[in-house]
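Below: one structure, written as structure tokens.
Just so it is clear, the model here is predicted, and its values are computed rather than measured. Quick note on labels: first sequence line is chain A, next is B, and so on, each numbered from 1.
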Amino acid sequence: MDFLQTIPFETVGVAVFALSGALMAARKGMDPFGFALLATLTGVGGGTVRDLLIGADPVFWVGDPSDVLVCLVVAELVFALGPKRVARIEGGRRGRALIWADALGLALFAVSGTAKALAVGVPALSAIALGTITATFGGIIRDIFAGTTPLVLRQEIYVTAAALGAAVMVGLQSLGLEPFLCSAAGFVAAFALRALAILRGWSLPAFPARD
Amino acid sequence: MDFLQTIPFETVGVAVFALSGALMAARKGMDPFGFALLATLTGVGGGTVRDLLIGADPVFWVGDPSDVLVCLVVAELVFALGPKRVARIEGGRRGRALIWADALGLALFAVSGTAKALAVGVPALSAIALGTITATFGGIIRDIFAGTTPLVLRQEIYVTAAALGAAVMVGLQSLGLEPFLCSAAGFVAAFALRALAILRGWSLPAFPARD
Amino acid sequence: MDFLQTIPFETVGVAVFALSGALMAARKGMDPFGFALLATLTGVGGGTVRDLLIGADPVFWVGDPSDVLVCLVVAELVFALGPKRVARIEGGRRGRALIWADALGLALFAVSGTAKALAVGVPALSAIALGTITATFGGIIRDIFAGTTPLVLRQEIYVTAAALGAAVMVGLQSLGLEPFLCSAAGFVAAFALRALAILRGWSLPAFPARD
């Protein structure tokens, strides 16, 4: 497997999740160091949980902190924009930019998380689970730290999109296809499904909430 | 130590905690993938934290995802029952089934967590702490992700029951008793104490809440 | 590097964070085992996350549970004081003792976390990130488990103080200064900045909160 081909997925995923963390920090009225912490936790959180679970020692960003630097730069760029411009980016409809950055990160991490799990040779079901966890935990950590209802709990398709992307990638790779193609197909599947959920309010049948 | 004898404890514990996660997903009105995520996190969460702390590489379910499969099956069975039947199982009194599944998981994981910690040769106090953490973290993760007040914070005896089960097991094993007997005694101690707390509202003297 | 010289920082940090966890347990009206759990999680939580990230197997307190014992003793001493005396310690102004214990733990862990990261030879930016995480995660875990707004989200200088202490320490050590001096300077920098933030309400420019 040509691992280099998956690296851009990872770093772009880190950057867009860091962006979603910085936008959340903006909403919560944090200072520049709060932006830095929330952007970094969101950007590297999912990959960190994945690395802990597969036993990578140390975790990716500890050995090479360039992804932490990416998060810090994203955080301070958003801070430097100032409240008015950030509010304009979010576009009137509250939180649209945050939701789209989150969607992009979700699809990118579903693919990069699955790729790294497959690279260390775990069983297929574990690879799908690890891809789904990598994709969803950055956003979950962001939402829990910020004290808001996790996006993952909303009725829209969310975990589903991450699991689909991971499953598509594992399935195609088991057929012996080119890794880059598998990654691209997994990314498209996850992002397209999440985008449709956001744009059309698509959802799966669900239980009625009681609490 | 005959480790095989403790395995059923672990898998049954995974299943009942997964059940408690699925019942929480039902309350929160989640879709099938939300059920899958919450059941899996609750089912394997406590054991995952334990494995990370003792440095097991990789974590148990990554190498052999059969416990993840158990969680997925439990999640989708509960989803397939549909809202009405799930509500009937919960029995009118809100959340009774969830509380009992949680109690069973608590007692099973107190024992299986302690067993795995003893098996890698940690000091007695660490083994008790690890058993207590294994028993309580699945439920804590479930409650935090679902955005409800953790059961662990309620005035009823909860952490106490897990710690008692772990301590009974470590104590008996240090006397040289048969491992299966130690596990069984630890399980009974933890479950009986938690059951009495649920049925009779037993509690320890506590501070008055101010917040 | 004389590692022994940094150990008191770590154990004193564990004790004061355990104190802040016990004071939170008091506010939440918990029982003696709830005090034990919250004090222990807060006391050893930051160092545990650091050890997981740098790949220390097992985590520090698993191999030698003396810091867990420190947490348990602190928890039960606070419980034994009883509600009235604890309220008097907190001094009328709600939570002052908790905020000061947290500030002391923050400064001590910024230094001890950075020291342990440097000792395993990670890059400078990773060492600063790990010091900041060690310093802030115990308190974050305490606040999330207790269901209150994390201190880290408040407008006062908080993450900033931890990052400053870690950066001062890394900077001085890269100049070849005596490790103990570097630790002491890092501690003073972090604690002084946090103390000024508490006493004078110092804060950095921040975004206005919208949520």
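A:L53 touches chain B through backbone and side chain together, each having a heavy atom under 4.5 Å away. Heavy atoms of B:L69 lying under 4.5 Å from chain A belong to its backbone as well as its side chain. Heavy-atom distances place the backbone of B:A146, and not its side chain, under 4.5 Å from chain A. The part of A:I144 that comes within reach of chain B is its side chain, from C-beta onward, which places non-hydrogen atoms under 4.5 angstrom from that chain. Using a 4.5 Å cut-off between heavy atoms, B:V44 does not touch chain A at all.
Listed options B:L41, B:V62, B:D64, B:D51 were ranked by heavy-atom pairs under 4.5 angstrom with chain A; first place goes to B:V62. Contact count against chain B (heavy-atom pairs under 4.5 Å) is highest for A:L130 among A:V120, A:L130, A:T132, A:T136. The most heavy-atom pairs under 4.5 Å with chain A, out of B:P83, B:A25, B:P58, B:A36, come from B:P83.
To the nearest 0.5 Å, the span separating CZ on A:F137 from CG on B:L37 amounts to 6.5 Å. Interatomic distance, A:L125 CG to B:W61 CH2, rounded to the nearest 0.5 Å: 9.0 Å.
Annotation: side chain of A:Y158 is not in contact with side chain of B:F33 (no heavy-atom distance under 4.5 Å). Side-chain contact check for B:V59 versus A:L52: every heavy-atom pair is 4.5 Å or farther apart. Considering only heavy atoms from C-beta on, A:V159 stays 4.5 Å or farther from B:F35 through its side chain.
Proximity to chain B among residues 189-197 of chain A is not found for any residue, judged by heavy-atom separations below 4.5 angstrom.
When every heavy atom of A:P123 is checked against every heavy atom of B:P65, the shortest pair comes out as CG-CD, 3.7 Å. Taking all atoms of both residues into account, the shortest heavy-atom contact from B:A26 to A:F207 is CB-CD2, 3.5 Å.
For B:S126, the side-chain hydrogen bond (donor to acceptor under 3.5 Å, both in side chains) test picks out no residue, with sequence neighbours left out.
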